[in-house]
Q: 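I'd like to ask some things about the structure below.
Just so it is clear, the model here is predicted, and its values are computed rather than measured.
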Amino acid sequence: MKLSFKNIALIAGAALLLTSCQKKESTVLKTSNEVHFMFNNYFGNEELALNSGNYTTSQNEQVTINTFNYWITNIRFIKSDGSEYAEEESYHLVRGNKSATHHFHVEDIPAATYTGIKFMIGVDVPRNTSGAQTGELDPAVNGDMFWTWNTGYIQAKLEGTSPQSNETDNAFTYHVGGVAAGMETPREVTLTFGADLVVGEQAGSIDVMADAAKWFGPGNPVKIAMTPTMTMPGAMAVKMADNYAKMFSIMSVGNE
């Protein structure tokens, strides 16, 4: 069958259009993706084993940890140009005894190169004092991490046993909270990746270490023998919050 010049031109034009469309589709880049967080609990250089591990604090006291909970909130991603992207409604409770809470996703992160993150340990002052909350902050959901609307949320909690404790069953109990002026316990953390994290065509992945040993010092030495229980706002809570503000570090960043 002979093809006329007109037919040949039509076929060539269709092929060119198809190639152009395919090329455009192949070069469309994602404008956002998600970042996966994993919080790994340790005591010093050892992975934290609740209820069974035996550890020695910087004050040379022995401890077994039974409860290790902390709020990770107000997450911000630091771009290579210094600007930041903040997660909306950014409230995550990490519970030591629930592995599912150690891993969470932050969605719709703008495609960019990121060099670090910022976040808060604890619940920010406005959300501590602004009335009934929903979601993770609902006291009906996580009531064991909440006191009252006057004193607010427990920012972080560490409980266990120690032969140095003179409490019943050698227990020690640290519930850190308080948002009154001069006694605020939410703490902000900034972590630098060390290697750039590129989010876009691939999702990002950030592994963070939380070192429970930092609760005991060396910044503000905490001796269980002297203070086995601390469950109210005050100067001791402020010192302990200053200690555990240093408990986070980056283990790795990458893509998934």
Q: Within a strict 4.5 Å, meaning less than it, do heavy atoms of the Gln155 and Tyr244 side chains meet?
A: yes
Q: Have a look at Trp71 and tell me which of Val94, Ile121, Leu137 forms a side chain to side chain contact (heavy atoms under 4.5 Å, CB included) with it.
A: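 In the set Val94, Ile121, Leu137, the residue that makes a side chain to side chain contact (heavy atoms under 4.5 Å, CB included) with Trp71 is Leu137.
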Q: Can you tell me if Thr151 uses its side chain to pair, donor with acceptor, with the backbone of Gly178 under 3.5 Å?
A: no
Q: Heavy-atom distance under 4.5 Å between the side chains of Val208 and Ile250, does that happen here?
A: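 They are in contact (side-chain heavy atoms under 4.5 Å apart), so the answer is yes.
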Q: Would you check if Trp147 and Tyr153 make a side-chain contact, meaning some heavy-atom pair closer than 4.5 Å?
A: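 No; the side chains remain at least 4.5 Å from each other.
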Q: Give, for atom OG1 of Thr161 and atom CD of Gln62, the distance between the pair rounded to the nearest 0.5 Å.
A: 11.0 Å
Q: For Glu159 and His175, test the side chains for any donor-to-acceptor distance below 3.5 angstrom and give the result as yes or no.
A: yes
Q: Under 4.5 Å between any side-chain heavy atoms of Phe146 and Ile154, yes or no?
A: no
Q: Check each of Asp108, Asn255, Ile206 against Val35 using the side chain to side chain contact (heavy atoms under 4.5 Å, CB included) test, and report the only one that passes.
A: Ile206
Q: Taking the side chain as every heavy atom from C-beta outward, state whether Ile224 and Tyr174 have any atom pair closer than 4.5 Å.
A: yes
Q: Quick one: which residue pairs count as a salt bridge (Lys or Arg N to Asp or Glu O under 4.0 Å) with a foot in residues 221-243, not counting sequence neighbours?
A: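 Output for this query lists Arg187-Asp242.
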Q: Do Asp169 side-chain atoms and Ala171 backbone N/O form a donor-acceptor pair below 3.5 Å?
A: no
Q: Could you state the interatomic distance from NE2 (His92) to CZ (Phe37), rounded to the nearest 0.5 Å?
A: 7.5 Å
Q: Restricting to pairs with a member in residues 185-206, which pass ring pair (Phe, Tyr, Trp, His ring centres under 6.0 Å), not counting sequence neighbours?
A: none
Q: Which of these passes side chain to side chain contact (heavy atoms under 4.5 Å, CB included) with Phe248: Ile72, Asp211, Thr190, Ile117?
A: Ile72
Q: Is the number of heavy atoms from other residues, nucleotides or ligands under 6.0 Å of Asn45 CG greater than 12?
A: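 Counting neighbours around CG of Asn45, 12 or fewer heavy atoms of other residues, nucleotides or ligands fall under 6.0 Å, so no.
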Q: Within the structure provided, determine whether Thr67 and Leu158 are in side-chain contact (heavy-atom separation under 4.5 Å).
A: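 No, too far: nothing below the 4.5 Å cut-off.
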Q: Does Glu136 offer a backbone N or O that forms a donor-acceptor pair with the side chain of Asn142 under 3.5 Å?
A: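 Side chain of Asn142 to backbone of Glu136, a donor-acceptor pair under 3.5 Å: yes, one is there.
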Q: Do Glu107 and His105 have side-chain atoms, one donor and one acceptor, less than 3.5 Å apart?
A: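 There is no such pair (donor and acceptor under 3.5 Å, judged by atom type) between the side chains of Glu107 and His105.
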Q: Show, in sequence, the C-alpha distance, side-chain angles and deciding distance for Ser165 and Ser162, and conclude whether the side chain to side chain donor-acceptor pair (under 3.5 Å) test is met.
A: CA-CA 5 Å; Ser165 171; Ser162 170; over 6 Å; no
Q: Applying salt bridge (charged side-chain N to carboxylate O under 4.0 Å, His left out), can you list everything that pairs with Glu256, at least two apart in sequence or on another chain?
A: none
Q: State the OG1-CD distance between Thr73 and Glu89, to the nearest 0.5 angstrom.
A: 10.5 Å
Q: Is Tyr70 linked to Phe172 within one hydrophobic cluster, defined over Ile, Leu, Val, Met, Phe, Trp and Tyr using a side-chain heavy-atom separation of less than 4.5 Å?
A: yes
Q: Quick check: do Val253 and Tyr114 have side-chain heavy atoms less than 4.5 Å from each other?
A: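 Not touching, per the 4.5 Å side-chain cut-off.
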Q: Would you check if the side chain of Thr227 reaches a backbone N or O of Thr229 as a donor-acceptor pair within less than 3.5 Å?
A: no
Q: Working to the nearest 0.5 angstrom, can you tell me the gap between Glu87 CD and Asn74 CG?
A: 9.0 Å
Q: When you measure from the side chain of Thr129 to the backbone N and O of Val125, does any donor-acceptor pair fall under 3.5 Å?
A: yes
Q: Taking Asn69 for the side chain and Gly96 for the main chain, is one N or O donor matched with an acceptor at less than 3.5 Å?
A: yes
Q: Suppose we screen for ring-ring contact (aromatic ring centres under 6.0 Å, His included). Which residues come up paired with Phe43, at least two apart in sequence or across chains?
A: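 Expected list: Tyr55.
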Q: Can you pull out every salt bridge (Lys or Arg N to Asp or Glu O under 4.0 Å) where at least one residue sits in residues 93-105? Sequence neighbours excluded, please.
A: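 Pairs touching residues 93-105 that pass the test: Arg95-Asp144.
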Q: Check this for me: does any side-chain nitrogen of one of Arg127 and Asp124 sit under 4.0 Å from a carboxylate oxygen of the other?
A: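 Result for this pair is no, no salt bridge flagged.
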Q: Could you list all the salt bridge (Lys or Arg N to Asp or Glu O under 4.0 Å) pairs where at least one residue sits in residues 58-77, not counting sequence neighbours?
A: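 For residues 58-77: Arg76-Glu84, Arg76-Glu188.
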Q: Counting heavy atoms not belonging to Met251, are there more than 12 under 6.0 Å from its CE?
A: yes
Q: Find out if a path of hydrophobic residues (ILVMFWY) with successive side-chain heavy-atom gaps under 4.5 Å connects Val106 to Leu191.
A: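 Per the 4.5 Å side-chain linkage, Val106 and Leu191 are co-clustered.
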